[in-house]
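First up is the structure itself, then whatever we jot down about it.
In what follows, residues are counted from 1 in the order of the sequence shown. Quick note: numbers below take in every heavy atom, side chains included, and nothing from hydrogens, waters or symmetry partners.
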Amino acid sequence: MEILANVLVGLVAALHAYILVLEVFLWQKKPGRALHGFDREMAAATAPMAANQGLYNGFLAAGLVWGLVASDPTGFRAQVFFLVCVVVAGVFGSVTANRRILFAQALPGALALGAVLLAR
């Protein structure tokens, strides 16, 4: 179960690293605009906000990687903390922005959190 938990945590970290790249570097390019269906003007107008969100996603990814490489109990605690942050952010985002976030962010985070807790 520990291997599965580590793989899921790694996948959630990779997802948030990808979101960082998308929101910070690709927001005004085709992949970023396609995510929300923005035209060039809207993408340019929202780019600072997207970059800020991307940075937060990068912090989540970094925290999860820290949790994977740190020895216990620090590694376990970091994984739990950052996965809870992922789930809370995903639920909040699904309520305030787009329902897809519940499935794209909160669900993978919750699955990884459950695996981490069961592996303990």
Side-chain angles (χ1 to χ4, degrees):
M1 186 55 125
E2 185 176 347
I3 292 171
L4 175 63
N6 288 340
V7 167
L8 291 175
V9 171
L11 289 172
V12 173
L15 171 65
H16 286 275
Y18 171 73
I19 295 170
L20 163 87
V21 170
L22 187 67
E23 292 179 338
V24 173
F25 302 108
L26 302 177
W27 191 255
Q28 295 185 65
K29 296 179 179 8
K30 191 173 182 177
R33 290 194 324 266
L35 183 66
H36 294 290
F38 289 166
D39 60 20
R40 290 183 191 277
E41 293 77 27
M42 182 60 114
T46 59
M49 179 233 16
N52 188 47
Q53 288 178 177
L55 187 61
Y56 283 103
N57 279 288
F59 291 145
L60 291 173
L64 291 170
V65 170
W66 172 44
L68 286 171
V69 299
S71 59
D72 285 336
T74 302
F76 171 76
R77 291 175 182 163
Q79 288 179 34
V80 170
F81 174 78
F82 284 99
L83 287 169
V84 168
C85 290
V86 165
V87 172
V88 170
V91 170
F92 184 79
S94 73
V95 171
T96 60
N98 189 317
R99 190 171 301 189
R100 290 182 306 177
I101 297 171
L102 185 65
F103 302 102
Q105 182 176 338
L107 180 60
L111 291 173
L113 178 60
V116 166
L117 293 174
L118 286 173
R120 186 68 171 171

Under 4.5 Å side-chain linkage, directly or through intermediates, the cluster mates of Phe92: none
Pairs involving residues 82-103, ordered by first then second residue, that meet salt bridge (charged side-chain N to carboxylate O under 4.0 Å, His left out) (sequence neighbours left out): none
Pair listing, side-chain hydrogen bond (donor to acceptor under 3.5 Å, both in side chains) test, anchored in residues 70-96, at least two apart: none
Tell me which donor-acceptor pairs under 3.5 Å the side chains of residues 28-36 have, and how far apart each pair is, sequence neighbours excluded?
| from | atom 1 | to | atom 2 | distance (Å) |
| --- | --- | --- | --- | --- |
| Arg33 | NH1 | Gln28 | O | 2.8 |

Residue pairs passing the side-chain hydrogen bond (donor to acceptor under 3.5 Å, both in side chains) test where at least one lies in residues 109-120, sequence neighbours excluded: none
Qualifying residues under side-chain contact (heavy atoms from CB on, under 4.5 Å), relative to Ala89, sequence neighbours excluded: Gln105
Ile101 reachable from Val95 in the ILVMFWY side-chain graph, under 4.5 Å edges: no
Nearest atoms (heavy-atom pairs only) where Ala13 meets Ala61: O-CB, 3.4 Å
Path from Met42 to Leu26 over hydrophobic side-chain contacts below 4.5 Å: yes
Test side chain to side chain donor-acceptor pair (under 3.5 Å) applied to Asn57 - qualifying residues, sequence neighbours left out: His16, Glu23
Closest contact, heavy atoms only, Tyr56 versus Asn52: CD1-O, 3.0 Å
Non-neighbouring partners of Thr46 that pass side chain to side chain donor-acceptor pair (under 3.5 Å), sequence neighbours left out: Trp27
Apart from Val84 itself, residues in the same hydrophobic cluster as defined by side-chain heavy atoms under 4.5 Å: Val9, Val12, Leu60, Leu64, Trp66, Leu68, Phe76, Val80, Phe81, Phe82, Leu83, Val86, Val88, Leu113, Val116, Leu117
Apart from Ile19 itself, residues in the same hydrophobic cluster as defined by side-chain heavy atoms under 4.5 Å: Leu15
Pairs satisfying salt bridge (charged side-chain N to carboxylate O under 4.0 Å, His left out), at least one member in residues 101-110, at least two apart: none
Single-linkage hydrophobic cluster Ile3~Leu11, side-chain heavy atoms < 4.5 angstrom: yes
All pairs passing salt bridge (charged side-chain N to carboxylate O under 4.0 Å, His left out) where residues 5-16 contributes a residue, at least two apart: none
Val24 versus Ala51, closest heavy-atom pair with distance: CG2-O, 3.6 Å
Contact summary for Gly63 and Ala78, nearest pair of heavy atoms: O-CB, 4.3 Å
